[in-house]
Colleague: 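Next up is a structure, given as structure tokens.
Here is how names work: the chains are called A, B, and so on, in the same order as the sequence lines, proteins then strands, and each is numbered from 1. These values consider heavy atoms only, across backbone and side chains, with no hydrogens, waters or symmetry-generated copies.
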Amino acid sequence: MSGYSEMEKKWQAEWSKNGLDRADRDAGKPKFMIIFAYPGVTGFLHVGHLRGYTCADAIGRYKRMTGYNVMFPVGTHATGNGAISLASRVANKDSDFIDYLIRNGCPEEKLEDLKDPMKAVDFFNTIYVNEYWKRFGFLADWRRFTSSVYADYGKFMQWQFRKLNEQGLLIQKPYFSPACPVHGPVAIDASETDISKGGNAEVQEYTLLKFKRGDEYLVAATLRPETVYGQVCFWVNPDVEYTRIKKGDETWIVSKEAAEKLKLQKDCIKVLSPIPGKEMIGWMCEAPMIHRDVPVLPASFSDPNIGSGLVTSVPSDAPDDWISLEALKKDPGLAERYGVPRSIIDSVIPISIISIEGYGDFPAQDIIKTMGITKPGDPRLDEAKKQVYKDGHHMGRMKDICGPFAGMKVEEAKDKMKQAMIDSGEAETFHDLTEEVVCRCGMPVRVKKVDDQWFIDYGNEELTERTSEHCRSMEIYPPEFNENVHSTLRWFRERACVRQGNWLGTRFPFDEKWIIEAISDSTLYPLYYIVSPYANSGKISPDNMTEEFFDHVVLGKGDVKKVSENTGVSEDLLKEIRDDIRYWYPLDVNLGGKEHMTVHFPVFLFNHRAILPDDMQPGGILVNWYVTGKKNKISKSKGGAQPIPGAIEQFGVDTLRLYYAHVASMFVDVEWSEESVMMYRQRLERIMGAVEELLSSERTGEKGDIDEWLISRFNGHTSTVRSAMEKYDLRQMATAVYFEMLNDIKWYGRRGGNNASTIKEALSIWIRLMTPVTPHVAEEMWSMTGFDSLVSSSLIPDAGPISCSSEYREAFIRDVMSDVAQIKKVTSAEPKKIFLYTTPSWKAKVMRMGLDMAESSTLDIPSLTKKCMADEAMRKNGKAVSEFVKKAVTDLTRSSSVSKKDMAETDEYSLLVSAKDFLREELCADVEIFSADDGNAYDPQNKSKAAVPGRPAIYFE
RNA sequence: GCAGGGGUAGCCAAGCACGGAAAAGGCGCAGGACUUAGGAUCCUGUUCUUAGUGAUACAAGGGUUCAAAUCCCUUCCCCUGCACCA
């Protein structure tokens, strides 16, 4: 195992010494620029992440070996609160987290440093580069490394936003965002990057309905404003304490929890005195829209944490309402406790308002019956509610009772009714989360209104159209994404692009209180890799990188002399950077995981299209799927997967690289398993073993048929590799190189091939084809074979000619062997002697005639039969001929005729005679060969009549 | 809900966008060879049937065609992404 690691280091040092990892402008060479979407700095990476990165390196290496000047830069994305929360967990001595760090090889003395977010970023940057990417043998240009929190990178970002603004793509409007009171807006997503609980929560829009009572309002929250015509009462939880609040000059009653939430979303909210729910029971209040008085009744399901804590009751369409009302009616004792007269409760009668196919007048009643729910509090009520809501929303239609909205579809009525009530002052909107969400810092996350939020306007139709148009000329894989990227682009609306709070990132250039958000600052960055080496080497500093600077080097604006004066960058340097950008850009391939399909890739495309000219638009996108853990996804933050350095030690880098390239198509998820990785390790060892064996053998053989065959096969594989790599299909490429070529080498040896020059030529082809995926092993074998210089800097061979006939002849021999084995198995006999009878010449003749007819597409059974019968000799054999013709014709029409041609032209007899010794050894029996035309052939069972072209008859003794 | 993907031998997985012979390759399993005894290696086999060139298969059911895993329709079942997370 350690042997691998030494070998790996040796070649990595060689590549670096020879400058293979450095990408410099070379006007004499076509360029190729590839990146992978840089990872976020949130902890150690695991073996799954390297799948995509490895593909990028292999593609880059392949391109290099087909004559391109390749730039493959890497960087990291550290924007956000990942590093901050990481640092705070270390500072708080979070023992789980510290264990995780130590387990992944973080030295204890380093922990002190990690309390500083920026140092934590540096720490992981170093690990990504040194422990992962360099050790994986990537030929990345390390001088170009950048990170989204670097000052120079920030300057580029600010320039990008200035350009977006010039295009009129930045807009400002109010926004409702989940936010932590300490950290400001947070992202809610299943991977819980920003938060510690509630990854599945969503922001929901409620309609607040104002029920007038005297000079104050009871405020209910509903998700179904279209049901207001069915309101018959109002629910208050008698065991909850509510509160009056001042909202502008109105007085509202809501739950205390709701009051807190409203403060974040509405202006001028003041909390007044509390009021127990019990006190409100029996009140009458005026329902909005229908302007009828309805009674306030007790309901325990009314939760102060949801919505406003108060609920309007629509029993016809809300299962909870229906069942609570029924319970109330059946239990007069309960009602009397609150002093509500019976007559009031009896007067509350559900009103049918929506017709849904498959339901009666009262959908809520129907679903309760179907599900067998009998009393309030049944946990299935939630499911019942969802079902009725869903059916009502998609299939429902408003009944005549609904005034101006009668006859409308529910979907349509919903918005219209909501808007009507808002316009009349009877309703407002309110946003709430569907479940509890907690920030990484432990504070509850609530929906907060941000008045002056900035957005990038991806809804801009002109931009969407131009971007979509450009995509048509791009190479986008997989094909499914190539097709639906257009609908993804169209689906994009405005996107909030800045945030406030304790975050790492770039200040928004138009208002420094904002920080540019994580996705928006990683859209145009591939371009920055061309500038970054100048900043990294200190030739330019962030101060030099003004709007004018980027306008000039990126867009070619302004006069060099003037720009030089204003920015303090020399004219030569400006020219150099400008030339670099013109040479390298556009980006040829952006490779990223499937999660980027709906977020990163679209904004990457939009921003390029918005800011850069036609000749700087991206050329391709490649999406890779995941390596998953046994049951769930291997998670970056939650660990559980094998650390990368350990995996390298255990399996060797090239094993892993081959595993990623071959284990499955890039466009499916694969489950990580050590067994399958081991399989690839054995495969590599077998290949190295085979090469060593070839090199240590005598190699004194003459050139013969088998040499022609081997080179023909290798030429075929070379062309397979070339066409596979056109589509970046590493898997197909690897199948040819690591499986089929090895099999061919084995067969060559088995057939007695050992010609020195053939072997040298074959190895030269083979090893070069291996280099993109398994470069270390390839270098080792390359030098072992005695070839000069580095294989990594050589060129992939051109595919030479293929010899169909020699390939057919070998396949023929294999078929014969396979038939013999088949018969052996069926008879379970161990023959001492095997007799082979090649086809009678008349059958070959029929075949040839059939082929001719097939070529002029006049082939059918009657005409071929007629043609055969015209032949005097064949007519004697009439019956056999007509039978064979029948078979030959079906055979020829069913398959392509290419191989049949070789079949008809091969002299099977002399071919078998030449392979006689070989067959004797392989079959462990004496072999006698006869032509079926040979009248004197030994053939006691008359087997020879079964012989057909391509398939000799066989007899055992 | 919106958008999209998929169901091929014990397992993984090609092929299907350009319909043309049980369908690559690998793993596993079974025989055999070999032995520096190794997470080996090398042969052979692995739907059924049979001294071989026959039958039947590509989730299920229909259709188009001389011919369908591949095109069309219906049904069933799995999976993925969905905006401040790259």
Colleague: Does A:Ser487 or A:Glu595 map to a spot on RNA chain B nearer the 5' end, using the closest nucleotide for each?
Modeller: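 Between the two, 5'-proximity favours A:Ser487.
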Colleague: Would you call the rings of A:His77 and A:Tyr38 parallel, tilted or perpendicular, taking 30° and 60° as the class edges?
Modeller: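 Tilted, since the angle between the ring planes falls between 30° and 60°.
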Colleague: Distance check, P atoms only: B:rC48 and B:rA24, in whole angstrom units.
Modeller: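 To the nearest whole Å, 16 Å.
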Colleague: With both distances under 3.5 angstrom, what nucleotide forms a Watson-Crick or G-U wobble pair with B:rA69?
Modeller: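 WC or wobble partner does not exist here.
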Colleague: Measure up the A:His596 and A:Phe601 rings against each other and bin them: parallel (under 30°), tilted (30 to 60°), perpendicular (over 60°).
Modeller: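 Tilted.
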Colleague: Report the base-pairing partner of B:rU80 (Watson-Crick or G-U wobble, both distances below 3.5 angstrom), or none.
Modeller: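 Result: B:rA3.
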Colleague: Using a strict cut-off of less than 4.0 Å between a Lys/Arg side-chain nitrogen and an Asp/Glu carboxylate oxygen, indicate whether A:Glu922 and A:Arg750 qualify as a salt bridge.
Modeller: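 Yes, A:Glu922 and A:Arg750 are salt-bridged.
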Colleague: Please assess A:Asn607 against A:Tyr458 for the test side-chain hydrogen bond (donor to acceptor under 3.5 Å, both in side chains), listing each intermediate value before the final yes or no.
Modeller: CA-CA 9 Å; A:Asn607 279 273; A:Tyr458 294 121; 2.9 Å; yes
Colleague: When rounded to the nearest Å, what value does the distance between C1' atoms of B:rG63 and B:rG10 take?
Modeller: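 The same atom, C1', in both gives a distance of 34 Å.
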Colleague: NA contact type, A:Lys594, heavy-atom cut-off 4.0 Å: base, sugar-phosphate, or nothing?
Modeller: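 Sugar-phosphate contact only - A:Lys594 comes under 4.0 Å of backbone atoms but never of a base.
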Colleague: Looking at B:rG39, B:rG25, B:rG81, which one has an atom nearest to any side-chain atom of A:Thr735?
Modeller: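 Given the options B:rG39, B:rG25, B:rG81, the side chain of A:Thr735 is closest to B:rG25.
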Colleague: B:rA55 pairs with which nucleotide, Watson-Crick or G-U wobble, both distances below 3.5 Å?
Modeller: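 Because both required distances fall under 3.5 Å, B:rA55 counts as paired with B:rU47.
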Colleague: Measure from the side-chain heavy atoms of A:Arg495 and tell me the nearest of B:rA83, B:rU53, B:rC42.
Modeller: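 Looking only at side-chain atoms, A:Arg495 lies closest to B:rA83.
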Colleague: Are A:Trp503 and A:Phe508 an aromatic pair by the rule of ring centers under 6.0 Å?
Modeller: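 No - the distance between ring centres of A:Trp503 and A:Phe508 does not fall below the 6.0 Å cut-off.
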Colleague: Choosing from B:rC82, B:rG39, B:rA51, which nucleotide comes nearest the side chain of A:Lys943?
Modeller: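 Among B:rC82, B:rG39, B:rA51, the one nearest the side chain of A:Lys943 is B:rA51.
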Colleague: Test your reading of the model: is there a side-chain donor-acceptor pair from A:Lys449 to the backbone of A:Pro174, 3.5 Å cut-off?
Modeller: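 Checked: no pair found.
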Colleague: At under 4.0 Å, does any side-chain N or O of A:Arg686 touch on OP1 or OP2 of B:rC42?
Modeller: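 A:Arg686 to B:rC42 OP1/OP2: side-chain N or O found under 4.0 Å.
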Colleague: Measure all distances between protein nitrogen or oxygen atoms and nitrogen or oxygen atoms of nucleotides 7-14 of chain B, and list the pairs falling under 3.5 Å.
Modeller:
{"unit_1": "B:rA13", "atom_1": "O2'", "unit_2": "A:Arg731", "atom_2": "NH1", "d": "3.0"}
{"unit_1": "B:rA13", "atom_1": "O2'", "unit_2": "A:Arg731", "atom_2": "NH2", "d": "3.2"}

Colleague: Classify the nucleic acid contact of A:Pro952 as base, sugar-phosphate or nothing, counting any heavy atom under 4.0 Å across all strands shown.
Modeller: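 Here A:Pro952 touches the bases of the nucleic acid.
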Colleague: Quick one: are the ring centres of A:Trp133 and A:Phe36 less than 6.0 Å apart?
Modeller: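 Close enough - the centres of the two rings lie under 6.0 Å apart.
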Colleague: Measure the distance from CZ on A:Phe739 to C1' on B:rC27 and round it to the nearest whole Å.
Modeller: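 Going from A:Phe739 (CZ) to B:rC27 (C1'), I get 10 Å.
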Colleague: Please classify the nucleic acid contact of A:Met679 as base, sugar-phosphate, or nothing, using heavy-atom distances under 4.0 Å.
Modeller: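 Here A:Met679 touches the backbone only, sparing every base.
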Colleague: Tell me the interatomic distance from A:Lys727, atom NZ, to B:rG15, atom P, rounded to whole angstroms.
Modeller: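 For the pair A:Lys727 NZ and B:rG15 P, the rounded distance is 8 Å.
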Colleague: Round to a whole Å and report the spacing from CH2 of A:Trp491 to P of B:rG1.
Modeller: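 Those two atoms, CH2 and P, are 17 Å apart.
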Colleague: Using the C1' atom on both, measure B:rU65 against B:rC71 and round to a whole Å.
Modeller: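 These two C1' atoms come out 10 Å apart once rounded.
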Colleague: Check every strand shown and say whether A:Glu740 touches a base, only sugar-phosphate, or nothing at a heavy-atom separation below 4.0 Å.
Modeller: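 The answer is sugar-phosphate, as A:Glu740 gets under 4.0 Å only of primed atoms, P, OP1 or OP2.
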Colleague: Please report, rounded to the nearest Å, how far the C1' atom of B:rA51 is from the OH atom of A:Tyr837.
Modeller: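 Nearest whole value for this atom pair: 13 Å.
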Colleague: Going by purine N1 to pyrimidine N3 plus the second Watson-Crick contact, or the G-U wobble pair, all under 3.5 Å, which nucleotide sits opposite B:rA24?
Modeller: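 Base partner found: none.
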Colleague: A:Glu693 has an atom CD; how far is it from atom C1' of B:rA40, in whole Å?
Modeller: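 Going from A:Glu693 (CD) to B:rA40 (C1'), I get 14 Å.
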Colleague: Could you tell me how far apart A:Asn743 (CG) and B:rU44 (P) are, to the nearest whole angstrom?
Modeller: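 Taking CG of A:Asn743 and P of B:rU44, I get 10 Å after rounding.
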Colleague: Aromatic ring centroids of A:Phe604 and A:Tyr525 under 6.0 Å?
Modeller: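 No.
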Colleague: Just call it for A:Asp819: base, sugar-phosphate, or nothing, with non-hydrogen atoms closer than 4.0 Å on any strand.
Modeller: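 Result for A:Asp819 = base.
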Colleague: From the list B:rG39, B:rA51, B:rC43, which nucleotide is the closest neighbour of the side chain of A:Gln650?
Modeller: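 Minimum distance to the A:Gln650 side chain belongs to B:rG39.
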Colleague: A:Tyr458 near the nucleic acid: base, sugar-phosphate alone, or nothing, with a heavy-atom cut-off under 4.0 Å?
Modeller: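 Result for A:Tyr458 = nothing.
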Colleague: Considering only the C1' atoms, how many Å lie between B:rU35 and B:rA40, rounded to the nearest integer?
Modeller: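 Comparing C1' positions in B:rU35 and B:rA40 gives a spacing of 10 Å.
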Colleague: Toward the 5' end of RNA chain B, which comes first, A:Ser520 or A:Phe492, by nearest nucleotide?
Modeller: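 With A:Ser520 and A:Phe492 compared, the 5'-side residue is A:Phe492.
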Colleague: Aromatic ring centroids of A:Tyr659 and A:Phe651 under 6.0 Å?
Modeller: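 Not under 6.0 Å, so no.
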Colleague: Measuring only the P atom in each nucleotide, how far is B:rA57 from B:rA23? A whole number of Å is fine.
Modeller: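 So the two P atoms sit 15 Å from each other.
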Colleague: Can you check the distance between B:rU75 and B:rU80, where both ends of the measurement are the C1' atom (answer in whole Å)?
Modeller: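 23 Å, rounded to whole Å.
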Colleague: For A:Arg750 and B:rU44, give me the distance from atom CZ to atom P, rounded to whole Å.
Modeller: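 Rounded to the whole Å, the gap is 4 Å.
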Colleague: What contact category does A:His600 fall into here, base, sugar-phosphate, or nothing, at under 4.0 angstrom with non-hydrogen atoms?
Modeller: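 The answer is nothing, as A:His600 stays clear of every strand by at least 4.0 Å.
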Colleague: Enter syn or anti for the glycosidic conformation of B:rA23, syn applying to angles within 90° of 0.
Modeller: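 Anti conformation here, the glycosidic angle of B:rA23 being more than 90° from 0.
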Colleague: For the ring pair A:Tyr738 and A:His662, is the centre-to-centre distance below 6.0 Å?
Modeller: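 Ring centres of A:His662 and A:Tyr738 not closer than 6.0 Å.
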Colleague: Rounded off to whole Å, could you give me the CG-to-P distance for the A:Leu489 and B:rG4 pair?
Modeller: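 In whole Å, B:rG4 P lies 14 Å from A:Leu489 CG.
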Colleague: Checking all strands, does A:Phe956 fall into the base, sugar-phosphate, or nothing category for heavy-atom contacts under 4.0 angstrom?
Modeller: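 Here A:Phe956 touches the bases of the nucleic acid.
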Colleague: B:rA22 and B:rA9: how far apart are their P atoms, nearest whole angstrom?
Modeller: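 Here B:rA22 and B:rA9 have their P atoms 15 Å from each other.
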Colleague: If the P atom of B:rU56 is compared with that of B:rA68, how far apart are they to the nearest Å?
Modeller: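 One P to the other, the span is 12 Å.
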